[in-house]
Amino acid sequence: MSELLEVRGLKIEAKKEDGTPIPIVKGVDFVVKAGQVVALIGESGSGKTTISLAALAYTRPGLEFCGGEVCLHGEDILTMPPLGQRNLRGNRVAYLAQSAAATFNPAITIGEQVTESAVLHGVLTQEEANIRAIELYGALELPDPELLGRRYPHQVSGGQLQRLMAAMALIGKPDLLVLDEPTTALDVTTQIEVLKAFKKVINEEGSAAIYVTHDLAVVAQVADHIVVLYSGEVQEQGSVEQIINNPQHPYTKRLMAAVKPKPTVDLASDAVDARHDREHDNVRVENMTAGYGGIIDGKPAITVLRDIDMSVENGHVVGVIGESGCGKSTLARVIAGLLAPAQGSISLDGKILPGNMLSRSRSELQKLQFVYQMADTALNPRQLIGDILGRPLQFYHGITGKENRRRVNELLELVELPIDFAERYQTELSGGQKQRVNLARALAAEPEVLLCDEVTSALDSIVSSNVIKLLSKLRDKTGVSFMFISHDLSTVASFADEIVVLYAGRVVEQGPVAKILAPPFHPYTRLLISSVPELRIGWLEETMGKREMAVGIARGVEITEVGCPFYNRCPMAIEGTCNLDTAPVHEPSSGHLIACHCSLEDIIAVEHETQQILKGFEGIGDKVDINPTGKAAVLTQEHF
C-alpha cells in the first residue's frame, strides 16, 4: 500500500497572554496508507482531535502550527496557500464530527446538505451528486434510499444521522476521512450498525481513514494501525494485532486495563448500606403513560411511555437501559415534572406529586434534581463556577454572602475539584471537570434523588470510571438515590443495584442487577448484552454472522399501540399472539420481572440452543444479509 498521508515531526502550540508558548502537540510522527484505517487513541486531552484536524491543515482558535509536515500524496498541506487549503477540505480530505445532530442544519433537507460540498467544489453536478447520494444511502444500508434525501434531520434516528454524515463526507470521493468519535454517544446496537457500515464503505470506496476514539473495543473492530497518544506525544504505535494483543508501553497497558468489561453478574455492586432505608420508596411510578402533543381521552397525541411501573428505593441506584428512542430520557423528564403524565402517578416519599413542575412546591423541586448529559450546554459559559453553584444554595436554602462561598468550596471538595475552580469559567475546564461541576450544582440543592441522564456517555473510559467512583462515594456519604440512565451496560452493571430495561416505551424486564445479567433474559435484554463490543479482533464480523443479531440490529425501535413492540425483531416471536396481545409478566425469582408471551421454560431453553431467526428471514446457509428493504438475502461465497 502506498503512503497517502505522512505526518512528520508535527508540533502545535498555544500562547499565554505574555506570548510564552505552551506545547500542545510535541513532534508526532505516523503514516496513513491507502485503504488503511489508523486509530488515534488516548484519554481526553491527549491531543487526538487536534492532531487529526491537522490532516485538514486546520487548528482550533488559539492554536498554531509551529513545526513539522503533514504531507498528502507527498505535498505539505501546511504550507499551501489559504485557497488551496479551502479546496482541500471536504474535497480531498473529509471530516466527520462526533455529533451528527449538531452538524446538520434542521431547516434544510438531508439531500441538500449531503450533496452540497461535492457541488460546491465542482466535483459533481447537482444531478450527479443526487445519484451518488442515493448510491451511498444504499451502501450505508439506510432505509428508502430513493426518498431519504427529501427528509429533514429530525425525521431520522441518531444512528441513521451518523451514517448520513458519512455519506456527506464520502460524496466527493475524498482520499482521506477523519472520523472524530463518530460512535461515542450511540447505544450499543446502533454503534454496531454504524461500525459495520463505515467498515464496508471505506473498503468499497478505497478510502483511508484516521479514526479518533478512546474506545479500544471499537478500535479492535475497525483499525489496521493504532497510534497511542498521551499529552500530545506518541507513546506507542503498531498494528492493531500488536497493540491489542501485546502492548508494550505502560500507558497503553493502563488504557487496556480501563476497558469496560462485558456486563456480567460479576460486575454487580455490593449490597446497599441499610442505614438509608425508609418506610416509603424515594420515587414510585405507577401505571404511568406519557407522551407529547395534546391529551385526548386520557392519551397523548404521541405516546412515548406506556403503563410504566417502577420505583427507586432510598440510597439505591436504579439503572435505566435501552436503545435510543426507547423513552429513557422521557421517563426522567416525567419524574422531574418537566413533562406531565397523561395517566398514572409519580410519588415522592409516599406522597403523590403534581405532574407539572410548576405546580410543585419548592421543597418538592429541591428533592428531585436533574443532571443533564451535556455539561457544555447545561452550564452557563458566562458565569463563574462559584456563581453557578451558589445559585441553588440561595434559591433552595436562602444561603448568601460568606456562608454561600464557604458552601461552594465544600461542594467543590465533595466532587474532588480544587476550590480555586470557583473563579473559573466552564470553558476553562475539561469534559470530566465540567461533569463534576454539573453534579455539584445538583448536589447544592441537597436532593434525595438525582436523575442522571447519560452523564458519562461522552467521557473517555478513565474519566468515566472516576465519575462513577465519585457517584458511589456520594451515595455512601449522603444516602442520595440515583436513577441512572445510560446505554453503557457495563457502567450500569458496575454501579446500579437494580436495572429497568425499557423498549419502545414499555418496561420489558426489571429486577436486581445480578438477576438481569444472568439467564433467563428477555430476548431484548439478551440482544443488548450481546451487542456490547469486546476487545477482540474479529468480534464485529463474528457477531453480525449470527442471524439473530443481524435481524435484531437491522430493525429499529417502533412504538406500537398493541402487542409486544419487540415482535418485529424477536427471534422467539409468536405470530398471532405477540403482535396482538399485551405480554404477560413472569417472575422467575423475587423482584425479577420479565414481560414476554413465551413461557419461562422456553426463555430458559433458548439460552442453550443455536441462535434463531425471525419468521420471514429464514435463509439457506449460516448467515443472512439484511438489506435496506428489510428482506433477507442468502449470502454466497462472493460476499466474502
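Here the structure is a predicted model, which means the values were calculated and not measured. In this chain, residues are counted from 1 in sequence order.
- Formation of a donor-acceptor pair under 3.5 Å by the H249 side chain with backbone atoms of Y251 is found in this model.
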Identify each donor-acceptor pair in which a side-chain atom of residues 223-230 lies under 3.5 Å from a protein atom, sequence neighbours left out, and give them as a table.
residue : atom : partner : partner atom : Å
D224    : OD2  : V37     : N            : 2.8
H225    : ND1  : G238    : O            : 3.3
H225    : NE2  : Q237    : OE1          : 3.1

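- Other residues, nucleotides and ligands contribute only 12 or fewer heavy atoms inside 6.0 Å of the NZ atom of K173.
- Across T427 and P381, no two heavy atoms sit closer than the pair CG2-CB, 4.3 Å.
- Under a 4.0 Å N-O distance rule, the pair K11/E13 does not qualify as a salt bridge.
- E534 contributes no side-chain N or O that, together with a main-chain N or O of A217, makes up a donor-acceptor pair within less than 3.5 Å.
- The main-chain N or O of L527 is found under 3.5 Å from a side-chain atom of S531 such that the two form a donor-acceptor pair.
- For the pair L528 and L489, the minimum side-chain heavy-atom distance is below 4.5 Å.
- The line from CG of L5 to CD1 of I210 is 5.5 Å long, rounded to the nearest 0.5 Å.
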_Run the side-chain contact (heavy atoms from CB on, under 4.5 Å) test on F30 and L40 for me, step by step, so that the C-alpha distance in whole Å, both residues' side-chain angles and the decisive distance to 0.1 Å come before the verdict._
CA-CA 10 Å; F30 66 91; L40 306 183; 4.3 Å; yes

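- P145 has its side chain out of reach of E135: every pair of non-hydrogen atoms, C-beta onward, lies at least 4.5 Å apart.
- Test E112, E127, Q126 against V119 for side chain to side chain contact (heavy atoms under 4.5 Å, CB included) and you get one pass: Q126.
- The minimum heavy-atom distance linking V455 with Q435 is given by the pair O-NE2, 2.7 Å.
- Using a cut-off of 4.0 Å between Lys/Arg side-chain N and Asp/Glu carboxylate O, E43 and R254 are scored as salt-bridged.
- Going from atom CG of L63 over to atom CD1 of I22 covers 9.5 Å, rounded to the nearest 0.5 Å.
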*Would you please test I41 and L255 for side-chain contact (heavy atoms from CB on, under 4.5 Å) and show each step?*
CA-CA 9 Å; I41 67 169; L255 286 178; 4.1 Å; yes

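- With K26 contributing its side chain and S231 its backbone, the two residues share a donor-acceptor pair below 3.5 Å.
- Residues S117 and I171 come closest through the heavy atom pair OG-CG2, 3.6 Å.
- Rounding to the nearest 0.5 Å places OG of S52 at 5.0 Å from CG of D180.
- With respect to the salt-bridge test (charged N to carboxylate O, under 4.0 angstrom), the residues R8 and E69 qualify.
- A donor-acceptor pair is defined here as one N or O able to donate and one able to accept, closer than 3.5 Å; such a pair exists between the side chain of E236 and the backbone of Q248.
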*Quick one: do Y292 and T303 satisfy side-chain contact (heavy atoms from CB on, under 4.5 Å)? Show the steps, please.*
CA-CA 7 Å; Y292 298 94; T303 301; over 6 Å; no

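- Using modelled atom types, no side-chain atom of D76 and backbone atom of C71 make a donor-acceptor pair closer than 3.5 Å.
- The two residues A209 and L179 make their nearest non-hydrogen contact at CB-CD1, 4.3 Å.
- The minimum heavy-atom distance between V31 and V38, with the atom names listed, is O-CG2, 3.7 Å.
- No side-chain heavy atom of H73 sits under 4.5 Å from any side-chain heavy atom of E3.
- Between L10 and V70, some side-chain heavy-atom pair lies under the 4.5 Å cut-off.
- For the pair M256/I243, a side-chain contact is recorded, criterion being any heavy-atom separation below 4.5 Å from C-beta on.
- In this structure, CG on L4 lies 5.5 Å from CG on L72, to the nearest 0.5 angstrom.
- Ring planes of H154 and Y152: parallel class, angle under 30° (limits at 30 and 60°).
- In this structure, the side chains of I385 and L429 come closer than 4.5 Å at one or more pairs of heavy atoms.
- Taking a cutoff of 4.0 Å between a charged side-chain nitrogen and a carboxylate oxygen, E323 and K328 do not qualify as a salt bridge.
- With rounding to the nearest 0.5 angstrom, the SG atom of C452 is 12.0 Å from the OH atom of Y372.
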Return a table of donor-acceptor pairs under 3.5 angstrom between the side chains of residues 81-90 and protein atoms on other chains or two or more places apart.
residue : atom : partner : partner atom : Å
Q85     : NE2  : I77     : O            : 3.0
N87     : ND2  : L83     : O            : 3.3
R89     : NE   : L56     : O            : 2.7
R89     : NH2  : L56     : O            : 3.4
R89     : NH2  : A57     : O            : 2.7

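- N438 places no side-chain N or O within 3.5 Å of a backbone atom of K434 that could act as its donor or acceptor partner.
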*Evaluate side-chain contact (heavy atoms from CB on, under 4.5 Å) for K15 paired with E64, printing each intermediate quantity in order.*
CA-CA 9 Å; K15 282 188 168 62; E64 59 184 42; 2.8 Å; yes

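- Note that CD1 of I244 is 8.5 Å distant from CD of Q221, once rounded to the nearest 0.5 Å.
- The side-chain heavy atoms of E428 and Q433, taken from C-beta on, include no pair separated by under 4.5 Å.
- Between C326 and G322, the shortest heavy-atom distance links the atoms SG-C, 4.3 Å.
- For the pair L338/F370, a side-chain contact is recorded, criterion being any heavy-atom separation below 4.5 Å from C-beta on.
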